[in-house]
Amino acid sequence: MSAKISVQYLGHSCFLVTTPKARILIDPFLTGNPMAAAKAEEVQCDYILVSHAHSDHYGDAVSIAKRTGATIVAAYELALHAGAQGAKVHPMGCGGGRSFPFGRVQLTIAHHTSSVEGPHGSISVAAPVGFLIKAEGKTIYFAGDTALTLDMELLGSRHSIDLALLPIGDNFTMGPDDAAEAVRLLKPRVVVPMHYNTFDVIAVNPEGFAREAAKHGCKVEVMNPGACVQL
Ligand code: NI
Ligand code: MN
């Protein structure tokens, strides 16, 4: 069967998922991202999924949404925040799913924080989430920024995950050991590590993760920014 979905890694936690029906950009931190494989001014998309408000995820979401007319899909308060900046938005809540023209998106639990910088320090904007994306008979799990959590076992038992995108960078999210345990719980066919090596504080050699994750019978794809996997 020929591949219907292409998933391109644009660096850090940014991916461009292309299905026959839509281009879905996830966590578009491109401007100021030393690993970025695309320019915010040039990327084309129909939807932008944003896991949380931190600048290394929310990034260029509003400017890309305004230029392309893409809809930002995010947790309620973050969607309203983006809407107030002039973007077209679709607010959702953790655990909630919705059918879009390209497929279904469900928000999943992420253990992390979500904030923007205000004049007197950080202000929380919505709770962070991950995304379960179902399109063309395939299931993609984008974990966002999160700790290892037993909730992943529930995702692994209730969904047949074709591709899992997991943070491994440590310090702000799970590190390689916990991410390998997440692979055991999620049982994806393919896993791609993300959210590492962008900055010194999340410098991690992905080979240790790749070795441990492979022990759980999963194909590990360590992607360079710009590379694609096909589903
Ligand atoms: Ni974060
Ligand atoms: Mn982050």
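When a ligand or atom number is given, it counts from 1 through the structure's own listing order.
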*asked:* Can you tell me which N/O/S atom of Asp56 has the shortest distance to the Mn ion (ligand 2)?
replied: OD2
*For a side chain to side chain contact (heavy atoms under 4.5 Å, CB included) with Pro193, tell me which candidate from Leu165, Val222, Val183, Leu166 qualifies.*
Val222
*Of all N/O/S atoms in Asp145, the name of the one nearest the Mn ion (ligand 2)*: OD2
*NE2 (His52) to the Ni ion (ligand 1) to NE2 (His112) angle, given to the nearest 10 degrees*: 100°
*Does the Thr146 side chain pair with the main chain of His111, one donor and one acceptor, at a distance under 3.5 Å?*
yes
*Report yes or no: does Asp46 contribute a side-chain atom to a donor-acceptor pair with the main-chain N or O of Ala22 at less than 3.5 Å?*
no
_So does Val204 get a backbone contact from the side chain of Asn197, meaning a donor-acceptor N/O pair under 3.5 Å?_
yes
*Is the distance from the Ni ion (ligand 1) to some N, O or S atom of His57 under 2.8 Å?*
no
*Do side-chain atoms of Gln106 reach the backbone of Gly95 as a donor and acceptor pair under 3.5 angstrom?*
yes
_Report the atom name of the nearest N/O/S atom of Asp145 relative to the Ni ion (ligand 1)._
OD2
*Give a yes or no on whether Asp56 keeps an N, O or S atom under 2.8 Å from the Ni ion (ligand 1).*
no
*Would you call Pro128 and Thr113 a side-chain contact if the rule is heavy atoms closer than 4.5 Å?*
no
_From the N, O or S atoms in His54, identify the one nearest to the Ni ion (ligand 1)._
ND1
*asked:* Rounded to the nearest 10°, what angle sits at the Mn ion (ligand 2) between NE2 of His195 and NE2 of His57?
replied: 100°
